[in-house]
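Excluded from the calculations below are hydrogen atoms, water molecules and symmetry mates; all remaining heavy atoms, backbone and side chain alike, are included. Each ligand, and each atom within it, is numbered from 1 in the order the structure gives. Keep in mind the model is a prediction, meaning the values are calculated, not measured.
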Amino acid sequence: MQVQMASLPLFSPLHFLPSNQSSFPPNSTFHFHLHNPQHPFTTNANPSSSDKKAQDFATNPVQGIGGDPKKKKAKEKVHWVCSNCGYNAGQWWGVCRSCGEAGTMKEFHETKGSDNKVSGFAVMDGAVGSWLPHQDETQLRPLRLAEVNRSLDQLHWRIPLNGPCGNEISRVLGGGLVPGSLTLVGGDPGVGKSTLLLQIAAMITEECNDSEASPVVYVSGEESVEQIGNRADRLGITADIYLYSSTDIEDILKKVQYLSPRALVIDSVQTVYLKGIMGSPGGIMQVKECTSALLRFAKTTDIPVLLIGHVTKSGDIAGPRVLEHIVDVVLYMEGEKYSTHRMLRAVKNRFGSTDELGVFEMSHSGLQAVSNASEMFLSEQHLDSEILAGLAVAVIMDGSRTFLIEIQALCLSGSIGSRQVNGIHANRADMIISVLIKQAGLRLQENAVFLNVVSGLTLTETAGDLAIAAAICSSFLEVPIPNDIAFIGEIGLGGELRMVPRMEKRVYTVAKLGYRMCIVPKTAEKTLRNEGLEKMTLLGCRNLKDVINTVFPKTGPTVKPVYPSIAP
Ligand code: TYD
Ligand code: MG
């Protein structure tokens with residue numbers, strides 16, 4: 001199951017340069033210039049030398065071709081940089097050799113012979129270098145693992161996030177925020193990234209009761225301090241957070257250094273810029289160098305930095321993969337347009353597992369942890385399923401979390417062969433229907449079959465096969481399935497039930513939620529221990545016929561196989 005992220009185009013008023021665009025960058029440490037890129041597939045993409053001479057002559061007719069021989073032109077090195085992934089090549093390629101996108105290689109000229117190159121690392125050192133504690137040269141040597149671990153206070157190493165919401169975030173981070181880490185939080189516009197980070201900032205501030213303790217600084221390049229203050233007000237945040245509105249990384253780091261904060265939040269990476277780096281904020285070079293500067297800042301000061309990143313149309317954070325390589329942790333916030341549920345997922349985590357999933361609900365007072373996450377996808381009608389045929393509960397996993405979701409089926413006699421599926425892969429649905437016809441003897445070929453997964457989820461796991469089949473049987477036979485039965489299992493082409501991964505975890509979740517019965521493959525029944533399952537009947541079935549005879553006992557005998565038995 002994956003909640004798909006919508007791909008909305010990004011529009012931010014600060015995405016483009018302010019009015020001083022023409023003079024950007026303000027100082028003269030500007031070594032790159034963008035060669036106006038032509039279409040890469042036209043033959044003019046790489047102008048011939050004669051064309052170049054003609055251009056020289058046109059721009060400077062007095063000096064003629066080649067310019068003033070006394071004025072030595074600095075040698076230029078040409079790079080071709082992919083605007084999609086940042087891949088840097090010495091020559092032009094029609095298709096980027098890193099990400100495979102066509103026509104994305106853009107030409108960049110780097111002036112040779114100048115020593116003062118600008119990079120995120122260098123700028124960061126310039127900005128905060130003066131107040132960093134000077135490291136003893138003798139300490140800069142390879143250390144033994146035991147030495148490193150001895151100097152680390154494992155208990156207090158991570159910054160804890162308290163409260164139900166904090167626990168949920170900690171769980172995704174692998175147990176709290178790691179000092180000196182750079183965390184990138186991505187997500188669609190409006191999904192709640194700013195809300196989440198403001199809440200995290202409040203949690204960290206509240207955590208240190210000591211009034212002398214360092215504060216948390218929330219820097220926004222998108223909103224004014226009043227707007228952030230207003231949001232904090234709505235969220236009921238009273239913690240002593242420092243707010244700052246700026247887009248210049250150098251300025252941000254300089255201003256922040258005096259506060260020596262416990263954590264720094266930057267909203268967002270697409271709005272900040274580094275002077276001296278080519279391109280407008282949000283451009284691939286800017287985003288990359290700004291992130292490098294923040295990474296260096298985090299590593300050298302041990303201040304954790306939380307960075308918001310907008311997602312591109314393809315669902316990646318600003319220039320796919322570029323930022324994800326630089327940062328320590330990448331979190332994605334997902335949510336559906338019309339649902340208040342939000343999921344926080346780690347796609348990269350240098351300090352923990354990427355299996356964890358945080359589940360929240362967006363309320364009028366911000367994000368709240370969902371207490372009954374396993375049941376949140378069950379529809380309310382499920383309570384009436386004693387009288388409603390065609391409903392079955394599947395047990396699926398997302399990361400390390402178990403969710404019960406409801407599968408709905410509707411079989412309509414008279415419209416032959418028509419099939420409509422929602423939230424289930426059409427091929428899988430076709431397979432299950434065919435197996436039901438052939439191996440269980442249901443005359444589904446004379447029916448139109450509609451399938452739906454409640455809550456707009458997409459079922460990607462085969463563990464839901466059995467619930468799909470059960471829902472179809474229920475609708476076809478017009479016998480409701482009692483609402484305290486759950487189904488787990490994959491269906492094979494022979495109609496046999498197969499094991500699925502993490503059976504134990506699924507079964508225990510079902511038992512914990514008070515279900516009376518759980519239908520599983522026969523092989524799973526033998527392997528599962530009975531501890532904690534006293535109140536639930538675990539029923540192992542070999543194949544679909546077994547399931548039908550168990551769940552629909554009255555109709556079981558009437559279901560006759562339509563295929564002729566093979567004579568010996
Ligand atoms: P926001 O954090 O601004 O999203 P992002 O930074 O990802 O663009 O959240 C915006 C949405 O959250 C907005 O549609 C309103 C909703 N929201 C609530 O429902 N409750 C709240 O308390 C807050 C602050 C926002
Ligand atoms: Mg925002």
Student check: side-chain heavy atoms of [X] and [Y] closer than 4.5 Å:
X	Y	result
Leu306	Leu177	yes
Leu294	Leu253	yes
Ile204	Leu161	yes
Leu264	Val219	yes
Val500	Met397	no

Give a yes or no on whether atom 15 (C) of ligand 1 lies under 4.0 Å from any heavy atom of the protein.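 It does not: no protein heavy atom is found less than 4.0 Å away from atom 15 (C) of ligand 1.
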Which protein heavy atom lies closest to [atom], and at what distance to 0.1 Å?
atom	value
atom 20 (N) of ligand 1	Ser363 O, 2.8 Å
atom 6 (O) of ligand 1	Ser194 OG, 2.6 Å
atom 19 (O) of ligand 1	Met362 CG, 3.2 Å
atom 3 (O) of ligand 1	Arg231 NH2, 2.7 Å
atom 25 (C) of ligand 1	Thr195 OG1, 4.0 Å
atom 4 (O) of ligand 1	Gly192 N, 3.1 Å

Enumerate the atoms of ligand 1 whose separation from the nearest heavy atom of Leu235 is less than 4.0 angstrom.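 By the 4.0 Å cutoff, the relevant atoms are 22 (O), 24 (C).
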Tell me the nearest of Gly335, Gly187, Gly190 to atom 10 (C) of ligand 1, using heavy-atom distances.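 Looking at heavy atoms only, the winner is Gly190.
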Among His364, Arg234, Arg342, His310, the residue with a heavy atom nearest to atom 23 (C) of ligand 1 is Arg234
Donor-acceptor check, side chain of Gln199 to backbone of Leu367, threshold 3.5 angstrom: yes or no? yes
For a distance under 2.8 Å, tell me if Ser220 has an N/O/S atom near the Mg ion (ligand 2). no
Presence of salt bridge, [Y] and [X], under 4.0 angstrom:
X	Y	value
Asp248	Lys275	yes
Arg502	Glu461	no
Lys299	Asp328	yes

What part of Leu196, side chain from CB on, backbone N/CA/C/O, both or neither, has a heavy atom under 4.0 Å from ligand 1? neither
Is Ser268 close enough to touch ligand 1? Criterion: a residue heavy atom under 4.0 Å from a ligand atom.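 Not so, Ser268 does not reach ligand 1.
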